[in-house]
Chemist: 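Right, I'll just put the structure down here and ask away after.
Everything quoted here is computed from the prediction, not taken from an experiment.
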Amino acid sequence: MTLGTLFSFASDVHIQNYDFRLVCRLVTGLVAKVQALEAKVQALVAKVQALVAKVQVLVALLKKVQALVALLKKVQDLVALLKKVQALVALLKKVQALVALLKKVQALVALLKKVQALVALLKKVQALVALLKKVQALVALPKKVQALVPLDQS
């Protein structure tokens, strides 16, 4: 504020009767108040800047948390996939058990075929035994006939 504007201000406000020193004191007081307000504004600016810095830190942390959440979702997907793999492994073990059981059944079928072959062979042997008994009976028949018919004693 220049001196000319100060006098103009003084005349506008009808303070012409006041002493110039009084006007200077008023201006000095106003300047001090403005400086105090400026200091308060600067303090508030500093606080706001500190808050902005804290917010920036929080934003960075939020980005990291978002990245962790995305990673957690991937881990959950992997866990679900692992559960599916475990189910497939359990199913594979059941299939392997069924394959082992099938091999045992195949071995039993082969053994049954051998038993059937032995039964067929046994039937043939029984038929041969019956035939042998008939042959023995036929062989014994002439002796029986000789025993029934007396030989000529001449």
Side-chain angles (χ1 to χ4, degrees), residues 1-140:
M1 197 174 222
T2 64
L3 193 57
T5 55
L6 187 59
F7 282 122
S8 170
F9 174 73
S11 66
D12 286 344
V13 218
H14 302 291
I15 56 169
Q16 296 164 352
N17 296 333
Y18 288 104
D19 187 31
F20 180 71
R21 283 187 239 163
L22 179 64
V23 172
C24 286
R25 280 188 214 151
L26 287 173
V27 169
T28 305
L30 286 174
V31 168
K33 285 182 182 179
V34 167
Q35 288 175 343
L37 285 175
E38 184 182 5
K40 286 181 182 179
V41 167
Q42 287 176 351
L44 285 175
V45 166
K47 285 182 182 179
V48 167
Q49 287 174 341
L51 286 175
V52 166
K54 288 180 181 178
V55 167
Q56 288 172 341
V57 168
L58 287 176
V59 167
L61 285 175
L62 179 62
K63 288 181 181 179
K64 289 181 181 178
V65 167
Q66 289 172 338
L68 286 174
V69 166
L71 186 61
L72 179 61
K73 286 181 182 178
K74 289 181 182 178
V75 168
Q76 288 173 338
D77 291 343
L78 286 176
V79 167
L81 186 60
L82 179 62
K83 286 181 181 180
K84 289 179 183 177
V85 168
Q86 288 173 336
L88 286 175
V89 167
L91 186 60
L92 180 61
K93 287 182 180 179
K94 289 179 182 179
V95 167
Q96 288 173 338
L98 285 174
V99 167
L101 186 60
L102 180 61
K103 286 181 180 179
K104 289 179 182 177
V105 167
Q106 288 173 336
L108 285 174
V109 166
L111 186 60
L112 181 60
K113 286 181 181 180
K114 289 179 182 177
V115 167
Q116 288 173 337
L118 285 175
V119 166
L121 186 60
L122 180 62
K123 286 181 181 179
K124 289 179 182 177
V125 168
Q126 287 173 339
L128 284 175
V129 167
L131 186 60
L132 183 59
K133 285 181 183 179
K134 288 180 184 178
V135 168
Q136 286 175 342
L138 285 175
V139 168

Chemist: Quick check for you: to the nearest 0.5 Å, what is the distance between L108 atom CG and K113 atom NZ?
Modeler: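 Going from CG on L108 over to NZ on K113, the span is 12.5 Å.
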
Chemist: What's the separation between atom CD in Q86 and atom CG in L81, rounded to the nearest 0.5 Å?
Modeler: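 Reported to 0.5 Å precision, the distance equals 10.5 Å.
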
Chemist: I need the T28 OG1 to K33 NZ distance, nearest 0.5 Å.
Modeler: 12.5 Å

Chemist: Looking at CD of Q49 and CG of L44, how far apart are the two atoms once the value is rounded to the nearest 0.5 Å?
Modeler: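 Reported value, rounded in 0.5 Å steps: 11.5 Å.
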
